[in-house]
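Please read all numbers here as calculations on a predicted model, not as lab measurements.
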Amino acid sequence: MKDPVSYFEKPFDKMDISRENFATFCIDFTSALKHAVAQGEPVSDLVNDTDPLVTSYVNALNSVATGKSVQVSETLSVDQIITKFKVYIANQEGFIRARLGKDSKAYKQFFPQGLSQYSKVAKKNINELLAQLITASNTYKTEIGPETEDQLTVMQHQYQAARETQNISFKAVRYSSSDIELLGEKLKKQMYLNFLKLAIIFVDTPGKGTSMINSSLLYTKHRIKTQEEQDNTYTVTIPANATKEAGFAFSVDKTMLFSNVGSEAVLVYGAATVDAPLSPTAIEILSGEEKEITATQLGAPANRFILMMNKSLLVEAEVEILFV
């Protein structure tokens with residue numbers, strides 16, 4: 001049981017987080033709240049309470065007090081999101097085609113005008129195309145797994161956050177370090193209140209509330225491995241458009257840390273044979289991402305092999321695996 005006293009502990013008091021990372025997290029969170037309001041969720045009060053504080057804090061960080069703007073560097077720009085979306089859907093098309101068949105009605109829901117439709121993505125139509133793909137991914141989740149919808153939803157939130165950052169009016173005000181600290185403390189308190197209110201609003205459907213909180217944005221560095229861990233890390237290189245076996249034995253009680261150190265996304269899944277097809281429950285690990293995966297998540301003990309599929313058609317992928 002969680003200690004009831006812990007509910008009175010403010011989550012950011014003991015966190016060593018940069019101002020820029022905190023701003024990025026708050027922008028993304030506010031964007032997720034606005035998306036939830038558009039979906040009919042009762043969180044408009046949270047938006048009204050939080051949005052002005054986020055704007056003031058970001059304006060302070062971007063002030064000219066030190067002679068140059070402090071950029072919220074972790075927030076992807078609008079153009080970067082569009083480029084990321086183009087690359088993702090180009091790579092994903094082959095996977096969707098293989099699972100659904102190019103001439104099927106299901107495939108046409110993803111690509112009604114073929115892949116060329118997505119090569120012309122721009123600010124004016126990216127929201128429409130993302131919505132189209134998210135709807136199709138949800139409809140055919142059984143056939144292609146949940147990861148496509150999850151990844152597209154993340155991109156949708158990232159794009160909205162990027163647009164929010166782009167639209168913030170940066171005031172020509174000089175802020176001192178103490179001003180920024182004061183604004184930061186106000187925003188941290190508001191974020192704490194937001195979490196408590198979300199827990200109350202979604203007490204019977206907690207997944208809705210937690211889906212708005214992207215905790216990964218609070219951290220920029222990977223877990224630092226000890227020398228012993230570095231010596232025991234197993235590296236797998238996966239050729240482009242290929243699937244490769246990890247190549248080591250593991251028991252049902254093991255937990256593994258998968259670190260995607262390459263530039264391409266990979267899908268990890270367990271299988272009973274080394275030539276098994278892609279599993280609908282495969283776990284996607286994006287470039288630069290780390291995920292702890294248990295042997296039972298991979299279907300052990302029935303699934304004795306770990307397979308990794310490189311989603312890129314052109315570039316090899318690389319994954320480091322460590323038992324933790």
Side-chain angles (χ1 to χ4, degrees), residues 2 6-7 10-12 15 17 21-51 53-54 74-76 81 84-85 88-89 92 126-142 144-165 187-188 190-220 265 267-268 280-286 288-294 297:
K2 185 174 181 178
S6 66
Y7 292 102
K10 296 177 183 177
F12 296 104
M15 290 187 65
I17 175 175
N21 278 18
F22 180 59
T24 298
F25 172 77
C26 293
I27 290 170
D28 182 83
F29 177 77
T30 307
S31 174
L33 286 178
K34 291 177 180 178
H35 178 74
V37 170
Q39 299 299 312
E41 301 295 350
V43 294
S44 57
D45 288 348
L46 276 64
V47 174
N48 296 335
D49 292 339
T50 309
D51 207 21
L53 293 177
V54 174
E74 293 301 313
T75 301
L76 296 174
I81 293 291
K84 178 181 177 181
F85 174 61
Y88 175 78
I89 200 61
Q92 195 71 356
I126 186 172
N127 278 321
E128 177 186 345
L129 293 176
L130 276 166
Q132 173 179 294
L133 287 169
I134 289 170
T135 298
S137 300
N138 180 267
T139 301
Y140 296 100
K141 186 181 295 187
T142 302
I144 66 172
E147 291 78 14
T148 301
E149 181 186 5
D150 292 345
Q151 182 59 26
L152 289 167
T153 301
V154 168
M155 284 190 198
Q156 187 180 57
H157 285 165
Q158 287 177 332
Y159 180 76
Q160 291 167 348
R163 288 291 287 169
E164 184 72 17
T165 303
L187 184 53
K188 287 177 181 178
Q190 182 58 47
M191 293 299 290
Y192 172 47
L193 293 174
N194 289 339
F195 300 156
L196 293 176
K197 290 175 182 178
L198 283 179
I200 294 170
I201 293 169
F202 298 108
V203 64
D204 294 321
T205 54
K208 286 187 177 182
T210 57
S211 69
M212 302 177 202
I213 305 171
N214 186 359
S215 301
S216 67
L217 293 176
L218 296 172
Y219 309 97
T220 56
L267 294 167
V268 178
T281 60
I283 299 169
E284 183 174 38
I285 306 178
L286 303 177
E289 189 176 24
E290 289 185 342
K291 283 187 179 179
E292 284 193 3
I293 302 175
T294 64
Q297 282 179 275

Rounded at 0.5 Å granularity, tell me how far CG in Asn138 sits from OG1 in Thr148. 11.5 Å
State the CG-CG distance between Leu152 and Leu130, to the nearest 0.5 angstrom. 6.5 Å
Quick check: do Lys10 and Phe195 have side-chain heavy atoms less than 4.5 Å from each other? no
Can you tell me how far apart CD1 (Ile213) and CG (Leu33) are? Round to the nearest 0.5 Å. 9.0 Å
Just do the side chain to side chain contact (heavy atoms under 4.5 Å, CB included) check on Leu267 and Ile283 with the steps written out, would you? CA-CA 5 Å; Leu267 294 167; Ile283 299 169; over 6 Å; no
Taking only residues two or more places apart in sequence, or in another chain, which ones meet Thr153 in a side-chain hydrogen bond (donor to acceptor under 3.5 Å, both in side chains)? none
Using only atom types and a distance under 3.5 Å, with no angle test, would you say the side chain of Ser31 pairs donor to acceptor with the backbone of Ile27? no
Residues in side-chain hydrogen bond (donor to acceptor under 3.5 Å, both in side chains) contact with Lys141, at least two apart in sequence or another chain: Glu149
What residues form a side-chain contact (heavy atoms from CB on, under 4.5 Å) with Val37, not counting sequence neighbours? Val43, Ser44, Val47
dist Met191:CE -> Thr50:OG1 (nearest 0.5 Å) comes out at 6.5 Å
Using a 4.5 Å cut-off on heavy atoms from C-beta on, say whether the side chain of Ile126 contacts that of Tyr159. yes
What I'd like to find out is whether the side chain of Ile201 reaches to under 4.5 Å of the side chain of Pro42, using heavy atoms alone. yes
Enumerate the residue pairs fulfilling side-chain hydrogen bond (donor to acceptor under 3.5 Å, both in side chains) with a member in residues 127-137, sequence neighbours excluded, ordered by first and then second residue. Tyr118-Gln132
List in chain and number order the residues that pass side-chain contact (heavy atoms from CB on, under 4.5 Å) with Asp49, two or more places apart in sequence or in another chain; answer none if no residue qualifies. Gln190, Lys197
Once side-chain contact (heavy atoms from CB on, under 4.5 Å) is applied, do any residues pair with Glu147, and if so which ones, sequence neighbours excluded? Glu284
Sorted by chain and residue number, the side-chain hydrogen bond (donor to acceptor under 3.5 Å, both in side chains) partners of Thr139 (sequence neighbours excluded) come out as none
For Phe22, all residues meeting ring-ring contact (aromatic ring centres under 6.0 Å, His included), sequence neighbours excluded: Phe12, Tyr57
Test side chain to side chain contact (heavy atoms under 4.5 Å, CB included) on Leu133 and Phe85; report intermediate values, then the result. CA-CA 11 Å; Leu133 287 169; Phe85 174 61; 3.6 Å; yes
Partners of Ile285 by side-chain contact (heavy atoms from CB on, under 4.5 Å), sequence neighbours excluded? Phe258, Asn260, Val266, Val268, Glu289, Lys291, Ile293
On a heavy-atom basis, which atom in Pro280 and which in Pro146 lie closest, and how many Å separate them? O-CD, 3.6 Å
One should read off an interatomic distance between Thr30 OG1 and His157 NE2, to the nearest 0.5 angstrom, of 12.0 Å
Using 0.5 Å steps for rounding, measure from the CD1 atom of Ile81 to the CD atom of Gln156. 11.5 Å
Are Gln92 and Gln151 close enough, and set up right, to give a side chain to side chain contact (heavy atoms under 4.5 Å, CB included), and what steps lead you there? CA-CA 11 Å; Gln92 195 71 356; Gln151 182 59 26; over 6 Å; no
Contacts of type side-chain hydrogen bond (donor to acceptor under 3.5 Å, both in side chains), residue Tyr88, not counting sequence neighbours: none
Just wondering, do Asp28 and Met212 contact through their side chains at under 4.5 Å, heavy atoms? no
Can you give the donor-acceptor pairs under 3.5 Å from side chains of residues 204-211 to other protein atoms, not counting sequence neighbours?
| unit_1 | atom_1 | unit_2 | atom_2 | d |
| --- | --- | --- | --- | --- |
| Lys208 | NZ | Glu41 | OE2 | 3.4 |
| Thr210 | OG1 | Pro206 | O | 3.3 |
| Thr210 | OG1 | Gly207 | O | 3.3 |
| Ser211 | OG | Gly207 | O | 3.4 |
| Ser211 | OG | Lys208 | O | 2.7 |

